[in-house]
There are 2 protein chains.
Amino acid sequence: MKPSPLITALQASGHRITRQRRVVLEVLEESQEHLDAESLYQKARQRAPRISLATVYRTVAVLKQMGLIAEYSLGEEHGHFETVPETPHYHFTCIGCGQVVEFDTPQVAVAIQELAEREGLEICTVQFSLTGYCACCRAGRGR
Amino acid sequence: MKPSPLITALQASGHRITRQRRVVLEVLEESQEHLDAESLYQKARQRAPRISLATVYRTVAVLKQMGLIAEYSLGEEHGHFETVPETPHYHFTCIGCGQVVEFDTPQVAVAIQELAEREGLEICTVQFSLTGYCACCRAGRGR
DNA sequence: TTGTAAATGAGAATCACTTGCAATTATAGC
DNA sequence: GCTATAATTGCAAGTGATTCTCATTTACAA
Ligand SMILES: [Mn+2]
Ligand SMILES: [Mn+2]
Ligand SMILES: [Zn+2]
Ligand SMILES: [Zn+2]
């Protein structure tokens, strides 16, 4: 078995390594998608049939709190999770096909930084996401 | 009675002007705050005691769809509403005192515009909001 | 004044997520 | 390895926000 970075971090922080946690971590590390709790649950059950949805929620809560994964709001009513990326990025979700386009806009980071300094704010969370139609879906409609 | 712009717009689009809609609109126009459905409901009941929360939700849904008001996610689990502002702006919510700071960052609009052109996207919604601690609250803690 | 479709109120339903609790289980110490 | 113990889990019930169903009311065109 290869020592996954997430497992190592969990262990180092004093958390126990259970089969269900291991499986959720594996799913998160393998799929470089933006999985929601339900998909995470479905994929996890394939490797740990008795895992519960509650445990999935509890696991992502721990990982999030440790800064190992990030939760995004992608225009749907539920959250999506992703291992924390080397380079921070934001998301555009196509309303037509569901595709998620990741992008980076350094200007946004700069704008936030300037605002924080000017107003004396300490920024804790940044929520930035777009929805609309991708090039393909626009073609399939007028324009 | 002064003919409120929201009422006029509603009427023009073929919607009926009911007492409850009139009241919700008034509350939205009077308070230049970011009200959530519950506050909107409480304020509306003072002028229309029998109004229901469902009607508040139905009313803001109609107004939103008509582009007369905007719904924001300010870090809480529920939405907040505001009449659509002349100049678009974003929000920072203080985790300590709840204060909402409005700000404008033209750079963000530019970044979005550039992204849309580069990737051929049609942007429909932009979600951009920050949370953290305001200057006052930072003083009241370390740093 | 009336007919009719739109809107409302009350409460049930839904959805994503959280929690209580008894049963498991990881793991530190022997 | 065996044990004690506290962390973790599964399940089911609980939440909070929002939506929906449906019988009743009401706006408003004619
Ligand atoms: Mn999803
Ligand atoms: Mn609120
Ligand atoms: Zn698309
Ligand atoms: Zn504050």
Side-chain angles (χ1 to χ4, degrees), chain A residues 1 3-4 6-25 27 34-42 44-66 69-81 127, chain B residues 1 3 6-27 34-42 44-66 69-81 127:
Chain A
M1 313 161 186
S4 127
L6 293 194
I7 288 276
T8 308
L10 248 198
Q11 209 157 25
S13 67
H15 287 90
R16 292 184 177 176
I17 305 306
T18 62
R19 188 211 288 333
Q20 22 287 76
R21 278 181 178 165
R22 195 191 304 278
V23 168
V24 170
L25 297 202
V27 172
H34 306 82
L35 303 171
D36 51 38
E38 184 63 31
S39 324
L40 214 37
Y41 175 49
Q42 294 307 335
R45 328 177 72 172
Q46 294 174 10
R47 309 184 117 249
R50 294 195 48 78
I51 194 174
S52 72
L53 184 54
T55 291
V56 170
Y57 275 109
R58 285 189 278 234
T59 301
V60 293
V62 169
L63 294 176
K64 212 174 83 174
Q65 169 185 315
M66 291 184 59
I69 66 175
E71 177 170 8
Y72 302 103
S73 162
L74 302 183
E76 293 184 291
E77 350 57 48
H78 52 256
H80 287 79
F81 304 88
Q127 195 177 62
Chain B
M1 314 164 187
L6 293 195
I7 289 277
T8 308
L10 249 198
Q11 209 156 25
S13 66
H15 287 90
R16 293 182 177 178
I17 305 306
T18 63
R19 187 210 290 332
Q20 23 286 78
R21 279 182 177 166
R22 195 189 306 278
V23 168
V24 171
L25 298 202
E26 282 174 11
V27 172
H34 306 83
L35 302 171
D36 51 38
E38 184 63 30
S39 324
L40 213 39
Y41 174 50
Q42 294 306 336
R45 326 175 75 170
Q46 294 174 10
R47 308 182 119 250
R50 293 194 49 76
I51 194 174
S52 73
L53 184 53
T55 291
V56 169
Y57 274 109
R58 286 189 278 235
T59 300
V60 294
V62 169
L63 294 175
K64 212 174 85 173
Q65 170 185 314
M66 292 184 58
I69 67 174
E71 176 170 8
Y72 302 102
S73 162
L74 301 183
E76 292 184 291
E77 347 56 48
H78 52 257
H80 287 79
F81 305 89
Q127 195 176 62

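Numbers restart at 1 for each chain; the letters A, B, ... are given by sequence-line order, proteins then strands. Predicted, not measured: the structure shown is a model, and the values here were computed from it.
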Distance in angstrom units between [X] [atom1] and [N] [atom2], rounded:
X: A:E77; N: D:dA17; atom1: CD; atom2: C1'; result: 12 Å
X: B:E71; N: D:dA17; atom1: CD; atom2: P; result: 13 Å
X: B:Y72; N: D:dA17; atom1: OH; atom2: P; result: 21 Å
X: A:L74; N: C:dA16; atom1: CG; atom2: C1'; result: 15 Å
X: A:H80; N: C:dC17; atom1: NE2; atom2: C1'; result: 15 Å
X: B:I17; N: C:dT8; atom1: CD1; atom2: P; result: 10 Å
X: B:R19; N: D:dT26; atom1: CZ; atom2: P; result: 9 Å
X: B:I7; N: D:dA27; atom1: CD1; atom2: P; result: 13 Å

Quick one: does [X]'s side chain get under 4.5 Å of [Y]'s, heavy atoms only?
X: B:E38; Y: B:L53; answer: yes
X: B:L40; Y: B:T59; answer: no
X: B:M66; Y: B:V62; answer: yes
X: B:H15; Y: B:R21; answer: yes
X: B:T18; Y: B:T55; answer: no

Whether [X] contacts [N] is assessed here as follows: a side-chain N or O lying under 4.0 Å from the phosphate OP1 or OP2. Is that the case?
X: A:T55; N: D:dG10; result: yes
X: A:T18; N: D:dA7; result: no
X: A:Q20; N: D:dG10; result: yes
X: A:R16; N: C:dT25; result: no

(message) I'd like to check the side-chain hydrogen bond (donor to acceptor under 3.5 Å, both in side chains) partners of B:Y57; sequence neighbours left out, ordered by chain and number.
(response)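 side-chain hydrogen bond (donor to acceptor under 3.5 Å, both in side chains) list for B:Y57, sorted by chain: empty.
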(request) With the side chain of A:S52 defined as its heavy atoms from C-beta on, choose the nearest nucleotide among C:dT8, C:dA16, D:dG10. (result) D:dG10
(request) For the side chain of A:R50, starting at C-beta, report the closest nucleotide among D:dG10, C:dT27, C:dG9. (result) D:dG10
(request) Return the minimal non-hydrogen interatomic distance between A:V56 and A:A37, and the atom names on each side. (result)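 Nearest heavy atoms, A:V56 then A:A37: CG1-O, 3.9 Å.
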Restricting both atoms to N or O, compile the protein contacts to nucleotides 19-21 of chain D shorter than 3.5 Å, with distance only.
| residue | atom | partner | partner atom | Å |
| --- | --- | --- | --- | --- |
| D:dT21 | O4 | B:R58 | NH1 | 3.4 |

(message) With nearest nucleotide decided by heavy atoms, which residue, A:G14 or A:Y41, maps closer to the 5′ end of DNA chain D?
(response) A:G14
(request) Could you check whether A:E38 gets within reach of a base, just the sugar-phosphate, or nothing at all, counting any heavy atom under 4.0 Å? (result) nothing
